[in-house]
Each structure stands twice: as C-alpha cells, then as structure tokens.
Amino acid sequence: MIHNTQIDIKKSRSYLYLVCLVAALGGFLFGFDTAVISGTISLVTKDYSLNAVSEGWFVSCALLGCIIGVIISGKLSDKFGRKIVLILSAFLFLTSALGCMYAGSFSSLIVFRLIGGIGIGVASMVSPLYISEFAPSRLRGTMVSLYQLALTIGIVVAYFTNAYLASHTGDAYANADVQRILSGEVWRAMLGLGALPALIFLLALFVVPESPRWLLTMGRKEQAAQILIKIDGEAAARKELEAFSNRKISEEEGSFKTLFNPVYRKALWIGLLLPFLSQVCGINAVIYYGPRILEQAGFTLNNALGGQVTIGLVNVVFTFVAIFTVDKWGRKPLLYIGVGGAVISLIIIGMLFQFGIISGPWILIFILAFIACFAFSFGPVCWVVIGEIFPNGIRGKAMSLATLTLWIGNFFVGQLTPVMLQGLGSSWTFWIFAICCSPALLLTWKLIPETKGRSLEEIDEHWQKSHQLNK
C-alpha cells in the first residue's frame, strides 16, 4: 500500500513537472526572442543604414507588439481558457520567426517583429498565470520559477546561436538563398531559428490540460477535480475544491471592477509597480545592448558576444537559487537581497565607466553580479507574486494589467537606452537604472505580503482580513 502510494506521488509529481515545463516553453520563446535581437542590431543597422531612432524602433517595435498581446490576452484567457490562448501565442511565434527570416524589406521585418511581439506579450502573461493556477500551493513558487528558468535558457541559447552564426559569416554555400541567410545576411538565420522551439511549443500544448481553476470559474467542476486529483491526490484536490467554493460566494466573478475594490488596492499597486520596476532597473538594456556596452568597455565585437554568452549562463545558474529557495525562504527575503545587490552593482558599474576603469575584467564582473542578483530575485519572484495576489475570478485580466506595466517599462528601456548611451554616456545610464531600481525595496517592505505556502484562496482571504483591520 505504501509502495503504491509512493508510486502515485512520483507519477503526480512527474505529471506536474511535465505540464509546467510545457507551459514554461512560452518563457523560453520569450527569452530567445528578447536576446536574439542583441546579435542582430549592428547587422540590421548596417544592411538597412539605420539611424539611432530607427535602430531603437527595430528593437522596441516587438515590445509594442508585446503591449498589444498583453492587452488582448487577459480578456481572451478569461473567456476562452488559458490553453487556447497559449496555442495562439505559439502560432504567432512561429509566423514571426519564419517571416523575419524571409522578410523582403525593413518594413516587412518590422511587421513580423510586431507579430512576434504580440506572441511574446500573450505568453508572458498566460504562461506564468497557467502555472500558478496549475501548481499546488507548496510548490507554486518553484513551478512558476521554472518559467523564469526557461526564459533565461532561451536567452543563453540565443546568445550561443548568435555567437556561432556570427563566427561563420564567411562560410560559402552553393545555394544562393542559403548563402544569403547563413552568411550574407546572417541576422536572418538568427531570427529564423526561433521557428524550431515555437513549433515544439505549439505541438506540445495540444497534450496539456486546461487550467483547473479556470475550469472552476466556468462551472466545470468535474473536469477540474479530475485534473487536481491527477496533480496532487484526492485529499488535496478535495481541499482545493472546498476552498474555491467558499471563496466563490464572496467574489464578483469576472468583474474587472473587483480589482479596483479597496480590498484589493494593495494588490493592484503591487501588480502595477513590481513588474514595471523589474524592467526599468535596466536588465533588458544589458540583454539588448550588451555587446555595445561591452565594446565601450574595450571588448572587441566577438569578445563582447562571448561576454554576452557568459551573462546568459550566469542568468541561468542563479535562477536555480530562486527555484530551490523561493518556497523555503519566501518571496520577500529574495527580493530584499537581490534588489539590494542589483542597486549596488549598478552604482559600481557607473563608477567604473565614470573613472575610466574599463580595462580588465571589472566591468564584466559587476555586470555579472547585477545579472546574478536579478536572476534569483526580480526575475522569477515578480512572476510568482503577480500570479498569486489577485482573486480567482479576474486573475487573467488582472495579470494582463500587471504584465502590461512590465512591457511598458521594457518598451521605454529598449527605446531610450541607445539614446542614453549616446547622449548621457554609460556611467549616467547605469546610475539612472540604479535610481529606478531602488523603490522596489520600499515596495517589498511596505506592501508585498509573504505568500509562501499559502493557497491562492488563502492569499485572497489575507486581503479581505487586512482590509477589515484597516477600516
């Protein structure tokens, strides 16, 4: 009997990880598309003779698409389900990758980058939402952190493929089209490689179930119960169903007005500010413009791309810190340590540029320290927190609003970083990022509750009780 129970637990755990890993592929594509652009900027700028504004538009047009994707994904995922919307995002990724590879003009390249951006926007909201609703409360932080891990792996894969393709630009091929894609205009191959993981994501999504909590909000209790039992056993499933039923009585199901109720005012501020601050700290300035920053620090282009690969690897490694600790230490300790370390690293980087200490490894060392601090705090914990703090009935819409602020911050960083580097210089660029990063410490102290080990319904109850106490 004990042996059979252990087998059932292993099967449930394997099933949970498999489904969450499939959903996390959305993060892989998000990371790949975010990072692959860094290796293409100088190449596309040269081929199309772009100025600083056009260059910024090439980078940030996908971010505009992301904003559109986030805006539509909340309503779509609440109405039609999480799974079908993830399938839509995978299809958009696939279309974008192939379209960019064969784009006939800069305008068409922008159009396909926009399409890909919509796919990223949809996946960036729905993937962590799906995982947070699917995973048991005791493992939710770990499972949602898998999304961030997949994102960082996508980034490092993009760096490796960019570095490899850039080092083989002189190779000759018999076919003219292949020669153009793999050698003459190698940025096409860099962008087009995203089609492979997009296809895998698309096919894998057909075998995963719908989110059990979305099924419950739709009144499909039997289907939800079957999934919950398969994930965590009958006793845990019964407890989840009872908790959901008790909370359902007091919720204005599906009404966006619920989010603006005074009960959820703190949750709303957290959802708006934490994702925004996670972007204006400058993480994607390093991801997008890392080669240029490292070139300013004295690296050659090939060495800069190699340094970018190192940045990506550090990002992956330190994300494991969050995976192994977020459900043990909690969300707040990781934010305190990581955000504090990121601010200090950004200040030091700015000082190194200001005083001309750019020879040797120091710039890269502190960029890596900044990446490491972000990787175990802001990166994964942001997705964990915004996936937990909103009530069941409007979680999709609320997360789309929260993720929208993330992409707005990302858009401004992508658009303004080349202007800041050119007009203000590297030192002031990094100091501004440090200033923008600092308020996250106050937000963590004053507003963010510790949510480790709590069910989504218990977190909702926390807001209810907190509101009653403050009356």
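- Looking only at distances, a side-chain donor or acceptor of Ser127 sits under 3.5 Å from a matching main-chain atom of Ala23.
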Do any side-chain atoms of residues 64-80 form donor-acceptor pairs under 3.5 angstrom with protein atoms, and if so which ones, sequence neighbours left out?
{"unit_1": "Ser73", "atom_1": "OG", "unit_2": "Gly69", "atom_2": "O", "d": "3.1"}
{"unit_1": "Ser73", "atom_1": "OG", "unit_2": "Val70", "atom_2": "O", "d": "3.0"}
{"unit_1": "Ser77", "atom_1": "OG", "unit_2": "Ser73", "atom_2": "O", "d": "2.9"}
{"unit_1": "Ser77", "atom_1": "OG", "unit_2": "Gly74", "atom_2": "O", "d": "3.1"}
{"unit_1": "Asp78", "atom_1": "OD1", "unit_2": "Arg82", "atom_2": "NH1", "d": "2.8"}
{"unit_1": "Asp78", "atom_1": "OD1", "unit_2": "Gly396", "atom_2": "N", "d": "3.3"}
{"unit_1": "Asp78", "atom_1": "OD2", "unit_2": "Lys397", "atom_2": "N", "d": "3.1"}
{"unit_1": "Asp78", "atom_1": "OD2", "unit_2": "Lys397", "atom_2": "NZ", "d": "3.3"}

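- Between the side chain of Lys332 and the backbone N or O of Ile448 there is at least one donor-acceptor pair closer than 3.5 Å.
- Applying the ring pair (Phe, Tyr, Trp, His ring centres under 6.0 Å) criterion to Phe160, with sequence neighbours excluded, gives no partner residue.
- The salt bridge (Lys or Arg N to Asp or Glu O under 4.0 Å) analysis of residues 319-328, with sequence neighbours excluded, yields the pairs Asp327-Arg331.
- No donor-acceptor pair under 3.5 Å is formed between the side chain of Thr403 and the backbone N or O of Ser400.
- Residue pairs meeting the salt bridge (Lys or Arg N to Asp or Glu O under 4.0 Å) criterion with at least one member in residues 371-387: none, sequence neighbours excluded.
- Using the six-membered ring where Trp is involved, Trp407 and Phe30 have ring planes that are tilted, between 30° and 60° apart.
- Looking only at distances, no side-chain donor or acceptor of Ser377 sits under 3.5 Å from a matching main-chain atom of Leu335.
- Listed by first and then second residue, the salt bridge (Lys or Arg N to Asp or Glu O under 4.0 Å) pairs that reach into residues 140-159 are Arg140-Glu388, sequence neighbours excluded.
- With sequence neighbours left out, Thr45 forms a side-chain hydrogen bond (donor to acceptor under 3.5 Å, both in side chains) with no residue at all.
- Between the side chain of Asn162 and the backbone N or O of Val36, at least one donor-acceptor pair lies under 3.5 Å.
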_Go through it in stages, so that I can follow the logic: the residues are Trp269 and Phe276, the test is ring pair (Phe, Tyr, Trp, His ring centres under 6.0 Å), and I'd like the CA-CA distance, side-chain angles, deciding distance and then a yes or no._
CA-CA 11 Å; Trp269 278 116; Phe276 181 79; over 10 Å; no
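- The side chain to side chain contact (heavy atoms under 4.5 Å, CB included) test with Leu334 is passed by exactly one of Val381, Val384, Val339: Val381.
- Put simply, CG on Leu401 and CG on Leu268 are 6.5 Å apart, with the number rounded to the nearest 0.5 Å.
- Taking the side-chain hydrogen bond (donor to acceptor under 3.5 Å, both in side chains) definition, one finds that Trp214 meets it with nothing, sequence neighbours left out.
- Judged as a side-chain hydrogen bond (donor to acceptor under 3.5 Å, both in side chains), the pairs with a partner in residues 99-123 (not counting sequence neighbours) are, in order, Asp33-Arg113, Ser105-Ser108.
- Side-chain atoms of Ser124 come within 3.5 Å of backbone atoms of Ile120 as a donor-acceptor pair (strictly under, hydrogens ignored).
- Side-chain atoms of Trp431 come within 3.5 Å of backbone N or O of Ile347 as a donor-acceptor pair.
- In terms of the side chain to side chain contact (heavy atoms under 4.5 Å, CB included) criterion, residue partners of Phe112 (sequence neighbours excluded) are, by chain and number, Thr95, Cys100, Ile115.
- In this view, Phe134 and Tyr130 satisfy the ring pair (Phe, Tyr, Trp, His ring centres under 6.0 Å) rule, not counting sequence neighbours.
- Shown here are the ring pair (Phe, Tyr, Trp, His ring centres under 6.0 Å) partners of Phe93, two or more places apart in sequence or in another chain: there are none.
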Donor-acceptor pairs under 3.5 Å, side chain of residues 188-209 to any protein atom, not counting sequence neighbours: which ones?
{"unit_1": "Arg188", "atom_1": "NE", "unit_2": "Glu185", "atom_2": "OE1", "d": "2.5"}
{"unit_1": "Arg188", "atom_1": "NH1", "unit_2": "Met101", "atom_2": "O", "d": "3.2"}
{"unit_1": "Arg188", "atom_1": "NH1", "unit_2": "Ala103", "atom_2": "O", "d": "2.7"}
{"unit_1": "Arg188", "atom_1": "NH2", "unit_2": "Ala103", "atom_2": "O", "d": "3.0"}
{"unit_1": "Arg188", "atom_1": "NH2", "unit_2": "Glu185", "atom_2": "OE1", "d": "3.1"}

